[in-house]
Amino acid sequence: MKDKFELTNKVALITGGGSGIGLGIAAAYIALGAKVAITGRNITKLEAAKLALGDHCFIYVNDVTQKDTHEKLVETIEKEVGPIEILVNNAGIHNKKPSIEVTDAEFQMVMDTNINSVFALTRTVLKYMMPREKGSVISISSMAALFGITQVVAYSSAKTALLGMTRSLASEYSHTGVRFNAIAPGFIETKMFLDIMEKDPKRKEKILSRTPARRFGTTEDVAYAAVYLAADVSNFITGVCLPVDGGNSIGF
Ligand code: NDP
């Protein structure tokens with residue numbers, strides 16, 4: 001039974017794995033025996049992650065929006081780390097401002113990072129995964145895909161599109177042995193989030209008052225869900241979105 005939860009000898013690719021939620025997932029996967037390739041644009045951040053995570057962490061500088069680099073990235077990881085069995089589409093950006101002030105360029109930028117690039121990279125990885133008849137693709141969505149949040153129109157649009165992509169790919173390709181699921185984290189205590197909360201105590205109170213668990217989530221909370229969806233124990237689960245939110249999406 002225990003081995004169904006293990007990730008020994010599995011290879012994972014986590015985009016944006018150098019910080020926050022992605023780093024938490026990488027740490028959990030490595031603790032369970034996986035080898036993990038993490039990507040990001042900032043080499044300093046990746047090197048710090050490698051120092052913390054050790055030998056089973058492999059770092060690759062890659063901007064996910066540079067779609068013509070995906071093939072080379074995946075090919076290199078397959079050669080240097082091993083056959084990718086888990087893809088975590090985690091890299092994401094935010095743009096918070098009143099919706100009618102969002103420019104086309106800003107909207108496009110968020111969509112390009114948070115959904116267009118996710119599809120492009122997933123398509124590339126699938127070419128390797130599907131013939132091996134085994135794999136788990138996990139995309140990090142958000143509460144912003146489950147209910148309306150003000151001032152994040154592009155972010156909400158992209159994170160909702162991720163759920164459509166997940167269901168569509170799950171319907172089309174789960175028979176190949178590759179599964180597709182999403183995680184919708186609630187309000188998670190990453191550095192970026194805590195900085196925002198510090199400047200806006202009213203918002204902090206509002207979020208906590210409508211979160212049944214009455215706390216913010218941790219990166220570990222999200223990582224445990226990502227372990228479950230990556231491990232063999234969830235072999236019959238595909239096409240779902242798992243909220244990790246202390247009840248935020250169902251609380252009243
Ligand atoms: P972070 O900013 O810590 O993580 C985002 C990561 O994405 C960074 O490591 C960043 O690395 C990477 N990244 C951003 N743009 C690119 C790019 N173009 N190419 C490659 N990597 C990129 O934030 P979080 O950990 O909070 O966010 C992780 C995911 O979780 C995001 O998709 C976010 O939308 C989602 N999420 C977060 C919530 C929260 O409360 N924190 C709630 C719901 C969802 P670098 O700068 O080096 O490129």
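One-based numbering, in listed order, for ligands and for the atoms of each.
When all heavy atoms of Tyr60 and Leu73 are compared, the pair lying nearest together is CB-CD1, 3.7 Å. Of all heavy-atom pairs spanning Ile93 and Tyr155, the tightest one is O-CD1, 3.3 Å. Across all their heavy atoms, Asp112 and Ser117 have their closest contact at O-OG, 2.5 Å.
The nearest non-hydrogen atom to atom 20 (C) of ligand 1, considering only Ile140, Asn62, Asn42, comes from Asn62. Comparing Gly186, Gly20, Gly18, Gly92 against atom 5 (C) of ligand 1, the shortest heavy-atom distance belongs to Gly92. Here atom 37 (C) of ligand 1 lies nearest to Ile21 when heavy atoms of Ile188, Ile21, Asn90 are compared.
Residues Arg179 and Ser234 bring a donor and an acceptor atom of their side chains to less than 3.5 Å of each other. One side chain, Asn248 or Thr211, offers a donor N or O that lies under 3.5 Å from an acceptor on the other. A donor atom on one side chain and an acceptor atom on the other are found under 3.5 Å apart for Thr69 and Asn62.
At under 3.5 Å, not a single nitrogen or oxygen of Gly17, backbone or side chain, sits near a nitrogen or oxygen of ligand 1. Considering both main-chain and side-chain atoms, Ser142 never comes within under 3.5 Å of ligand 1 through any nitrogen or oxygen pair. Considering backbone and side-chain N/O of Thr65, none are found under 3.5 Å from N/O of ligand 1. Considering backbone and side-chain atoms together, Asp63 places an N or O closer than 3.5 Å to an N or O of ligand 1. Annotation: Ser19 places an N or O atom under 3.5 Å from an N or O atom of ligand 1; distance criterion only. Distances between N or O atoms of Gly40 and those of ligand 1 include no value under 3.5 Å. At under 3.5 Å, a nitrogen or oxygen of Gly16, whether backbone or side chain, sits near a nitrogen or oxygen of ligand 1.
Under the salt bridge (charged side-chain N to carboxylate O under 4.0 Å, His left out) rule, Glu78 has a single partner from Lys127, Arg132, Lys72, which is Arg132.
Nearest protein heavy-atom contact of atom 14 (C) of ligand 1 is Arg41 NH2, 3.3 Å. Protein heavy atom at the shortest distance from atom 21 (N) of ligand 1 is Ala91 CB, 3.6 Å. Nearest protein heavy-atom contact of atom 2 (O) of ligand 1 is Met192 CE, 3.9 Å. From the protein, the heavy atom lying nearest to atom 43 (C) of ligand 1 is Pro185 O, 3.5 Å.
With a 4.5 Å cut-off on side-chain heavy atoms, Asn181 and Val137 do not count as touching.
Both tests hold for Arg210 against Phe147: distance to the six-membered ring centre under 6.0 Å, angle to the ring axis within 45°.
At distances below 3.5 Å, at least one donor-acceptor pair connects side-chain atoms of Lys50 with backbone N or O atoms of Cys57. A donor-acceptor distance shorter than 3.5 angstrom exists from the side chain of Thr238 to the backbone of Phe180, with no hydrogens or angles considered.
Contacts between Lys159 and ligand 1 below 4.0 angstrom, taking non-hydrogen atoms only, involve the side chain exclusively. Proximity of Lys45 to ligand 1, defined as any heavy-atom pair under 4.0 Å, is confined to the side chain (atoms from C-beta onward).
Tyr128 and Phe58 fall within a single hydrophobic cluster, where Ile, Leu, Val, Met, Phe, Trp and Tyr side chains are chained together by heavy-atom contacts under 4.5 Å. When hydrophobic clusters are built by joining Ile, Leu, Val, Met, Phe, Trp and Tyr residues whose side-chain heavy atoms come closer than 4.5 Å, directly or via intermediates, Leu46 is grouped together with Tyr29.
Each of the atoms 33 (C), 34 (O), 35 (C), 36 (N), 43 (C), 44 (C) of ligand 1 lies under 4.0 Å from some heavy atom of Tyr155. For ligand 1 and Ile93, the ligand atoms under 4.0 Å from any heavy atom of the residue are 14 (C), 15 (N). Using a 4.0 Å cut-off to heavy atoms of Thr190, the atoms of ligand 1 that qualify are 25 (O), 26 (O), 41 (N). Numbered from 1 in the order shown, with element, the atoms of ligand 1 that lie under 4.0 Å from a heavy atom of Ser141 read 43 (C), 44 (C). Close contacts of ligand 1 with Val64, meaning ligand atoms under 4.0 Å from a residue heavy atom, involve 17 (C), 18 (N), 19 (N), 20 (C).
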